[in-house]
Protein chains: 2
Amino acid sequence: MSAEVKAVTTPASPPLTERQEARRRRILHASAQLASRGGFDAVQMREVAEAAGVALGTLYRYFPSKVHLLVATMQDQLQHMHTTLRKRPPAGDEPAARVAETLMRAFRALQREPQLADAMVRALTFADRSVSPEVDTVSRLTTAIILDAMGLEHPPTAEQLSAVRVIEHTWHSALITWLSGRASIAQVKIDIETVCRLIDLTSPEKS
Amino acid sequence: MSAEVKAVTTPASPPLTERQEARRRRILHASAQLASRGGFDAVQMREVAEAAGVALGTLYRYFPSKVHLLVATMQDQLQHMHTTLRKRPPAGDEPAARVAETLMRAFRALQREPQLADAMVRALTFADRSVSPEVDTVSRLTTAIILDAMGLEHPPTAEQLSAVRVIEHTWHSALITWLSGRASIAQVKIDIETVCRLIDLTSPEKS
DNA sequence: ATCAAGTCTGAAACTTGTTCTACATTATCC
DNA sequence: GGATAATGTAGAACAAGTTTCAGACTTGAT
């Protein structure tokens, strides 16, 4: 029904034991919890460690910096969102409309936890080179969501991939302007819809 | 020759004395200097203060946080760039081509001081609500540069403004992915060119 | 010239991300 | 089951952004 979508997973270098997996979960949960309350600033490493029942040193062994932690948190949340979005695929006829609908749905989901969104997005854009692999994973996840929404019959062309990248850029940046109170939701909607026009423009079936 | 472009300036609440203006300049200069060396991390408030020959408390009176300082630095650099770009307007026939050319020129200018670019852009996207006015000024400056490059005869339509916003989003976000080593210059170029197609798409003279 | 208000300085204190150390616990391998 | 390496813990220590404060200096009005 739609082009094959490769699973986006982390390589998970050394397999974790059960207790380690549980620790990791507890940490991510604590991180999301604290972020939901007070955003980026409220995610304090000592508090995360305490809430997760883990020593500070251990927290740093699992996530080498606050930004790593929050980017991993975003990865986690995006996974959820991806599976949720997949359950009810968008209804529009045109790929552009479907992508716009999907992104606005994702946007409304983030609206429900604006502080959490703030923490994750700020971490994402603040990340430096040392976090590139993790940020890349998030980027691939986002790409997967958009491609999924397009519902292509064939693998995307290079042009389409470029359009998707631009959509991603717009998505992140629009999110930031909204989170920092410099753009209204209506404006974000317009921007998303505007950029989604690029999809039709780069569709190989265009007349 | 082109639609009127309002000057983009800060309101400059209380007029500064000469010595204060000089201090402000020294601070911004020190900030840019340090940023050029080691990027965001190298701009340490104590060092900026010392290099500018000013007490730490004074630095904080002029710029209430490191992010404020770097955003102001960006404002400053953008002003320069704007006047520089204006000297030799882009040559293309189509507005889209002119905008793409202008942005790539700006991009190459930033390439010459990648660390400085890093510091400014990271600060810009990391800025929270307390920096909104300053970030807004930067945004207006960027918009002015793009509108200038378009060389419109008439004031832009709402659709065009939306396209310009999307271009700005893409510009910032693409810059970030390049700065953090996740995208090549070639890729940035493609993304810029892709998004600039929106300009033609939203041109009122379209057939 | 003088007084008051506002500004600047130098230095210390405080906060939070990050690193380090000495020791305890757990896992792995023989 | 015991040696041993890896992992986890508690807590101190360090780094850099931010705040605070007492005293010195400028400035503007009278």
Side-chain angles (χ1 to χ4, degrees), chain A residues 12-28 30-31 34-35 37-73 119-120 122-124 126-131 134, chain B residues 12-28 30-31 34-35 37-73 118-120 122-123 126-131 134:
Chain A
S13 331
L16 299 182
T17 74
E18 207 162 312
R19 309 185 50 181
Q20 287 176 319
E21 192 52 54
R23 268 194 207 100
R24 207 185 117 89
R25 293 265 110 242
R26 286 205 308 277
I27 293 174
L28 285 176
S31 166
L34 287 168
R37 295 231 178 290
F40 188 89
D41 291 335
V43 180
Q44 303 195 356
M45 300 303 269
R46 286 173 238 260
E47 292 208 24
V48 172
E50 183 175 13
V54 120
L56 190 56
T58 306
L59 172 52
Y60 272 95
R61 177 188 288 271
Y62 281 72
F63 303 97
S65 80
K66 174 168 171 169
V67 169
H68 281 86
L69 170 58
L70 282 171
V71 171
T73 304
M120 297 187 309
R122 297 259 294 287
L124 199 68
F126 191 60
D128 66 1
R129 294 181 119 79
S130 73
V131 204
E134 289 81 0
Chain B
S13 330
L16 298 182
T17 74
E18 208 161 313
R19 309 186 51 181
Q20 287 176 320
E21 192 52 52
R23 269 195 207 100
R24 206 186 117 88
R25 293 265 111 242
R26 286 206 308 278
I27 293 172
L28 286 176
S31 166
L34 287 168
R37 295 232 178 290
F40 188 89
D41 291 336
V43 180
Q44 302 195 356
M45 299 304 270
R46 286 173 239 259
E47 291 207 24
V48 172
E50 184 176 10
V54 118
L56 190 55
T58 306
L59 172 52
Y60 273 94
R61 177 188 287 274
Y62 281 71
F63 302 96
S65 79
K66 174 167 172 171
V67 168
H68 281 87
L69 170 59
L70 283 171
V71 170
T73 305
D118 172 76
M120 297 188 307
R122 297 259 296 285
F126 190 60
D128 66 3
R129 295 182 118 80
S130 72
V131 203
E134 289 81 359

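Note on naming: letters A, B, ... go to the chains in the order of the sequence lines (proteins, then strands), and numbering restarts at 1 for each one.
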S.K.: Of all residues at least two apart in sequence or in a different chain, which pass the ring-ring contact (aromatic ring centres under 6.0 Å, His included) check with B:F126?
M.R.: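 By the ring-ring contact (aromatic ring centres under 6.0 Å, His included) rule, B:F126 matches A:F40, A:F126.
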S.K.: Report yes if the side chains of B:V67 and B:E134 come closer than 4.5 Å at any heavy-atom pair, otherwise no.
M.R.: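 Side chain of B:V67 against side chain of B:E134, heavy atoms only: no contact under 4.5 Å found.
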S.K.: Let me know the distance between CE of B:M45 and P of C:dT9, rounded to the nearest Å.
M.R.: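 Whole-Å distance recorded here is 14 Å.
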S.K.: Of all of residues 51-58 of chain B, which get a heavy atom below 4.0 angstrom from DNA chain D, listed by number?
M.R.: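 Within residues 51-58 of chain B, the residues near DNA chain D are B:L56.
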S.K.: Between B:Q44 and B:R19, which residue's closest nucleotide on DNA chain D lies nearer the 5′ terminus?
M.R.: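 Result: B:Q44.
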S.K.: Can you tell me how far OG1 of B:T73 sits from CD1 of B:I27, rounded to the nearest 0.5 angstrom?
M.R.: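 Here the interatomic distance stands at 10.0 Å.
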S.K.: Check whether any side-chain heavy atom of A:R24 sits under 4.5 Å from a side-chain heavy atom of A:L28, and report yes or no.
M.R.: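 Counting from C-beta outward, A:R24 and A:L28 do come under 4.5 Å.
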S.K.: In the structure I gave you, are the side-chain heavy atoms of A:Q20 and A:Y62 within less than 4.5 Å of one another anywhere?
M.R.: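 In contact.
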S.K.: Within this structure, what is the CZ-to-P distance between A:R26 and D:dG8, rounded to whole angstrom?
M.R.: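 Distance, rounded to whole Å: 11 Å.
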S.K.: More than 12 non-hydrogen atoms from neighbouring residues, nucleotides or ligands closer than 6.0 Å to CD on A:E50, yes or no?
M.R.: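 Atom CD in A:E50 is not packed in, count stays at 12 or less.
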S.K.: Whole angstrom is fine here: how far is it from CG in A:D128 over to P in C:dT18?
M.R.: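 For the pair A:D128 CG and C:dT18 P, the rounded distance is 10 Å.
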S.K.: In whole angstroms, how far is the C1' atom of C:dT7 from the CD atom of B:E18?
M.R.: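 Going from CD in B:E18 over to C1' in C:dT7 covers 17 Å.
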S.K.: Using a cut-off of strictly less than 4.0 Å between a heavy atom of the residue and any atom of DNA chain D, enumerate the qualifying residues of residues 59-73 of chain B by number.
M.R.: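 Under 4.0 Å from DNA chain D: B:Y60, B:S65, B:K66.
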S.K.: In whole Å, I'd like the distance from the CD atom of A:E50 to the C1' atom of C:dT16.
M.R.: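 Those two atoms, CD and C1', are 15 Å apart.
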S.K.: Please determine if a side-chain N or O atom of A:Q20 lies less than 4.0 Å away from the OP1 or OP2 oxygen of C:dA27.
M.R.: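 For A:Q20, the contact criterion (side-chain N or O under 4.0 Å from OP1 or OP2 of C:dA27) is not met.
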S.K.: Nearest whole Å is fine: how far is C:dT9 C1' from B:I27 CD1?
M.R.: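 Atom-to-atom, B:I27 to C:dT9, this comes out as 13 Å.
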S.K.: With rounding to the nearest 0.5 Å, note down the distance linking CD in A:E47 to CG in A:L59.
M.R.: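 It comes to 12.0 Å.
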S.K.: Is the shortest side-chain heavy-atom distance between B:V48 and B:K66 below 4.5 Å?
M.R.: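 With C-beta onward as the side chain, the pair stays apart.
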S.K.: Can you give me the closest heavy-atom contact between A:A123 and A:L70, atom names plus distance?
M.R.: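 Reported closest heavy-atom pair: CB-CB, 3.4 Å.
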S.K.: Identify whether any heavy atom of B:R46 sits under 4.0 Å from a base atom; if not, whether one sits that close to sugar-phosphate; answer base, sugar-phosphate or nothing.
M.R.: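 Here B:R46 touches the bases of the nucleic acid.
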S.K.: Whole angstroms only, please: what is the CZ-P distance between B:F40 and D:dG17?
M.R.: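 The answer, rounded to whole Å, is 8 Å.
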